[in-house]
Amino acid sequence: MTRYSAADIEGKWQEAWEKAEIFKAVRSADKPKYYVLEMFPYPSGRIHIGHVRNYTMGDVIARYKISTGHNVLHPMGFDAFGMPAENAAMASGGHPKDWTYSNIDTMVEQMKPLGFGLDWSRMFATCDPEYYGQQQSMFIDFIEKGLVYRKNAVVNWDPVDMTVLANEQVIDGKGWRSGAEVERRELTQWFFKISDFSEELLDALDGLDDWPAKVKLMQANWIGKSRGLQFAFSLIDGPHGADRVEVYTTRPDTLMGASFVGISPDHPLAKTLERERDDVAAFCAEARKGGTTAEAIEKAEKLGFDTGLRVRHPFDESWELPVYIANFILMDYGTGAIFGCPAHDERDFDFATKYDLPIVPTFEPVEGGYPENAAFVPLKSEKVRYVKGFAGEAIQTGEDAVIAAIDFCESKGVGQGVTKFRLRDWGLSRQRYWGCPIPVVHCDACGVVPEKKENLPIQLPYDEGGQPIDFSIPGNPLDRHPTWRDCTCPKCGQAAQRETDTMDTFVDSSWYYARFTAPRAETPTDPAEADYWMNVDQYIGGIEHAILHLLYSRFFARAMNICGHLPEKSKEPFNALFTQGMVTHAIYQTKGADGRPVYHYPEDVLEFNDPDGRKAAVLKSWVSEQGMNANDPFDLAQVHSLRKLESEVVEIIPSAKMSKSKNNVVDPVQIIEQYGADTARWFVLSDSPPERDVEWTASGAEAASKHLARVYRICAEIAASDAADNAKEDEVLLRAMHKAIHEVTGGVDSFGFNTSIAKLYGFTNTLAKSKAGAAAKKEAAKTLAQLMSPMTPHLAEECWQILGGQGLIASAPWPVADEAMMVDESVTMPIQINGKRRAEISVAKDMPKEEVEKLVLEHEAVLKALEGGQPKKLIVVPGRIVNVVV
RNA sequence: GCCCAAGUGGCGGAAUGGUAGACGCAGCGGAUUCAAAAUCCGCCGGCUUAACGGCCGUGCCGGUUCGAAUCCGGCCUUGGGUACCA
């Protein structure tokens, strides 16, 4: 081979790795273990360029850790349950199972040519009965340990499709598929008791030193710890002897500004009144309308209903407040009842204005009086406040005011300080077919009974008694299945019925990392394997999973520890987390006659630089219409003039998320066919820092490909060279090599792949220009191949082989930088005069400070600046810089 | 609204208190070629200068420091997260 051809070499090396079982992970005591995991994909049918970036990063780490003597576990699987499979079945009449497994086959075929160092023998899909059966077994353990329970909950119910909808599936208050008005319905659902772990999940974030601060903050906000006061207003003439309304507030310092009490339509007091009074019943029915989505909530008008009931203020017997039922008060947060302080809360202010309630400011600012423009005075806006009614003391900050108010109220016997969390229990029931069946049985005599473990897995039925399941009928096929539901009670043996709800797919992905340590075990985990391989040393995935998936996994690890499936040390399963950015691509857009955007494929667009050097584009079809051949070199001036025709200018939107409808999707399979896997891998790692988005550009891919060809050419030339040694040049090259080892390694260690690649470019340039002898060049080229091997493993093997390297580069030990070779004998130090660079001197690297000072003061530029005087100050930072202050 | 992050050439970005713009893309000039592709060499922030050089320059205003893209205070813009949570 004389020219680099990815197609000729990549398959060959993949076979060599497989044969040598380089990536097969086997438990062994003689090496430190390293577990690197990328978030596993959903089997949508095709791999996405984003997958390529994600798995390439993981692969760089995996291969690097192998080279540094680690026993590496790097597995791959599929998050295979979920709605898209059912939707596909509805659309095309197939079966979710067939669709899913066929997609998995396709995606594995697409991933293999990328040369990832994965242990494919551990692969599984969450829809394998061997996997979800173990999940069912754990669910039964969770029931025993009280980690899961059933309760009624309000859900979005689509009355046409007869199913529960996730919030994301409700659009404008209507079901996304049926278009029917969504109802709030109370259903009995299963819940994981994640809220029992609120405090622990929050506190343990502090120990996750190698997680992005951003993710920890998002989780902390989601868990939402708040400190407040819970107390009761006494109710005057309440119905049926009801004498109090319990409320919770995080702003007890505004208690003296209360002007009403509000209760949820689902509050027991509201329900009592509803039964007896038609006007209350009508209001409550109205208030319960509308979905539970953020959107629905945003639009909903704040409605209140004066019940006519009155309560007494806890600090003033004669002060009576009205009790309203209000649609914005949630029954499942706090006590389902609030007091409103319109002067210091915007929502209460709106409400009070609407219903003509008093607005009572409670803080006296030290100077200037109250801002006139807003009755709402936010907590942080007042530096010093004086709280009316609270012992007349000045309080410095908002937080202090809250603490002081709680203390004060407690001391007067009004309520007590309470800590609450925003985090709710995790509802896992889904009224869908393509999910893990919840392994319980409903028995008329015994109630809800967990299935016996020996009966697991409870498998999904493939058909309906020989007939294919019809997914076009609304509702859950398991519900209407003729025989599947029928079973016997595991407790009493009488006829009973299976639960037809399946589990949220987030359950499947909450423990797969543990299953990878022993994917074929007869129990959820194998304790010895789990103890050896856990925790995941490096987890890599998208920021979109910052909250739910990662929080659920942290909960599951704790629950699994309680049930004995994971060791104590794995309560936090991911030692380090890295969240990578997306691969984006430009969108080419014009405006249609109706003013709406029209998107174009990149190949339909002619890109060029306008006279200002900025990227611009016109449609090729337009160029052709004007009598120019778009494929020939063309007259830019003509195109520039075309561009003035506004309607035909193509707007380039860079860095847009890839989307089929916008014609900007880059298909990895095509890229591999065109350039090879190494080019795709090199490109997605270069240019942008891994945590940021990287824009896919044709020119960038082309450049990556050219560079790899150049590296091959250089190595081939060196392999064939017999140039004599050249002591001086040899040393220069080897010094550069050791510097490169140091810098590239540092980049890989700290997820700085883009800077590692920049250093590799630099070292390649040095090598190409070097006048060193063949032996030194060969050593440098072999090192270059090694440093590139985690990123472009196929090319690296090929170069290694032609340079005479022993064995596979994949199992060769990582080069070590020689400290002594990295230190230069002399350094060039810039001389600053008053902080501005004016000159530089070259000095021996260990020249004493005094001597440097002497040399500096003799320097022409310094003498000129001093004009015969003495410097006010002379700063010498050894080896770095000199600053003369005159 | 609240919380967080980012802002550096035509573009992606580098530099985390010490020579701003590494490395790459795009662009410009040259070599090679009948020509092209490929490859190789050089230039490439702005203003100014015949040149050497000088001045300005990391979103804006101010501060700390011998020295600030980097630290502090205030603002602007963009991106992300999140919310009837009492």
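Residue numbering restarts at 1 for every chain, and letters A, B, ... go by the order of the sequence lines. Hydrogens, waters and symmetry mates play no part in the numbers below; they use all other heavy atoms, side chains included.
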Looking at every strand, decide which applies to A:Lys769 at a 4.0 Å heavy-atom threshold: base, sugar-phosphate, or nothing. sugar-phosphate
Close N or O pairs between protein and nucleotides 64-66 of chain B (under 3.5 Å):
from  : atom 1 : to       : atom 2 : distance (Å)
B:C66 : OP1    : A:Lys873 : NZ     : 3.1
B:C66 : O2'    : A:Asn883 : ND2    : 3.1
B:C66 : O2     : A:Asn883 : ND2    : 2.6

Full working for side-chain contact (heavy atoms from CB on, under 4.5 Å) between A:Val711 and A:Leu795: CA-CA 9 Å; A:Val711 169; A:Leu795 171 67; 4.2 Å; yes
Separation of atom NZ in A:Lys657 from atom C1' in B:G80, rounded to whole Å: 13 Å
With a 4.0 Å cutoff (strictly under), does any side-chain N or O of A:Arg837 reach OP1 or OP2 of B:A20? no
Can you pull every protein N or O that's under 3.5 Å from an N or O on nucleotides 55-59 of chain B?
from  : atom 1 : to       : atom 2 : distance (Å)
B:C55 : OP1    : A:Arg838 : NH2    : 3.4
B:C55 : OP2    : A:Arg838 : NH1    : 3.2
B:C56 : OP2    : A:Lys836 : NZ     : 3.1

Between B:U39 atom C1' and A:Ile714 atom CD1, what is the distance in whole Å? 12 Å
Within the structure, does a side-chain N or O atom of A:Arg880 lie under 4.0 Å from either OP1 or OP2 of B:G67? no
Please determine whether a side-chain nitrogen or oxygen atom of A:Tyr333 lies at a distance below 4.0 Å from atom OP1 or OP2 of B:A86. yes
Relative to the ring of A:His585, is the ring of A:Tyr588 parallel (under 30°), tilted (30 to 60°) or perpendicular (over 60°)? perpendicular
Is it true that A:Phe349 and A:Phe351 have ring centroids separated by less than 6.0 Å? no
What integer distance in Å separates A:Phe421:CZ from B:A86:P? 13 Å
When only distance counts, do a donor and an acceptor, one from the side chain of A:Arg710 and one from the base of B:C40, lie under 3.5 Å apart? no
Are any of A:Asn221's side-chain N or O atoms less than 4.0 Å away from OP1 or OP2 of B:C85? no
Derivation of the side-chain contact (heavy atoms from CB on, under 4.5 Å) call for A:Lys420 and A:Gln230: CA-CA 10 Å; A:Lys420 287 205 187 288; A:Gln230 187 160 329; 3.4 Å; yes
Ignoring backbone atoms, test whether A:Arg692 places a side-chain nitrogen or oxygen under 4.0 Å from the OP1 or OP2 oxygen of B:G13. yes
For B:G9, decide between syn and anti, treating a glycosidic angle within 90° of 0 as syn. syn
Both A:Thr697 and A:Asp693 contact RNA chain B. Which one's nearest nucleotide lies toward the 5' end? A:Asp693
If you assign each of A:Ile547 and A:Tyr248 to its closest nucleotide in RNA chain B, which residue comes earlier from the 5' end? A:Ile547
Whole-Å distance between B:A38 P and A:His707 NE2? 17 Å
Is the shortest side-chain N/O distance from A:Asn754 to OP1 or OP2 of B:G12 below 4.0 Å? no
Assign A:Ser688 to base, sugar-phosphate, or nothing according to its heavy-atom contacts below 4.0 angstrom with the strands shown. sugar-phosphate
